[in-house]
Amino acid sequence: MTAPDAEPAPAGPEPSEPAGPAPAARELSARERAVLALERRSWAGPGAKERAIREELGISPVRYFQLLNALIEDERALREDPVTVNRLRRLREARRDRR
């Protein structure tokens with residue numbers, strides 16, 4: 001038996017509350033932001049971008065472009081950097097139209 005002035009144990013979340021994604025899941029990761037930031041820059045010559053990808057992000061250019069292509073479709077990326085994402089979407093569409 002518990003004392004009358006003891007506090008009840010905290011209850012878990014109510015079943016009626018939606019269990020939406022965690023706040024961190026709604027934001028881009030640091031790596032995703034870095035990919036977008038690198039993509040915003042202009043490049044002096046051939047190889048400069050690939051070198052920056054390896055040095056700054058520590059990933060291969062192939063992996064970089066895989067991440068970038070996924071980001072182009074991600075609405076979070078569009079909210080974060082609409083100018084870059086829309087530019088990349090236009091470039092992708094232009095390449096598709098040329099095929």
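Every heavy atom of this structure was used, including side-chain atoms; hydrogens, water molecules and symmetry mates were not. Counting from 1, the numbers follow the sequence of the chain as shown.
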Gap between atom CZ of Arg31 and atom CZ of Arg63 - 0.5 Å precision: 7.0 Å

Glu39 side chain near Leu71 side chain, heavy-atom distance below 4.5 Å: no

Inter-residue atom distance Leu38.CG - Leu67.CG, 0.5 Å rounding: 11.5 Å

Whether Arg40 side chain and Thr84 backbone form a donor-acceptor pair below 3.5 Å: no

pair Val35-Leu28: side-chain heavy atoms closer than 4.5 Å: no

Sub-4.5 Å side-chain heavy-atom contact between Arg51 and Glu55: yes

Between CG on residue Leu36 and CG on residue Leu78, distance to nearest 0.5 Å: 10.0 Å

Test: Glu93 and Arg96 ion pair at under 4.0 Å: yes

Residues Arg89, Glu73: salt bridge by 4.0 Å N-O rule: no

Arg87 atom CZ, over 12 foreign heavy atoms within 6.0 Å: yes

Pairwise distance CD1(Ile72) to CG(Asn86) - rounded to 0.5 angstrom: 10.5 Å

Non-hydrogen side-chain atoms of Asn69 and Leu88 separated by less than 4.5 Å: no

Donor on one side chain, acceptor on other, Glu50 and Tyr64, under 3.5 Å: no

Side-chain heavy-atom pair Glu80, Glu32 within 4.5 angstrom cut-off: no

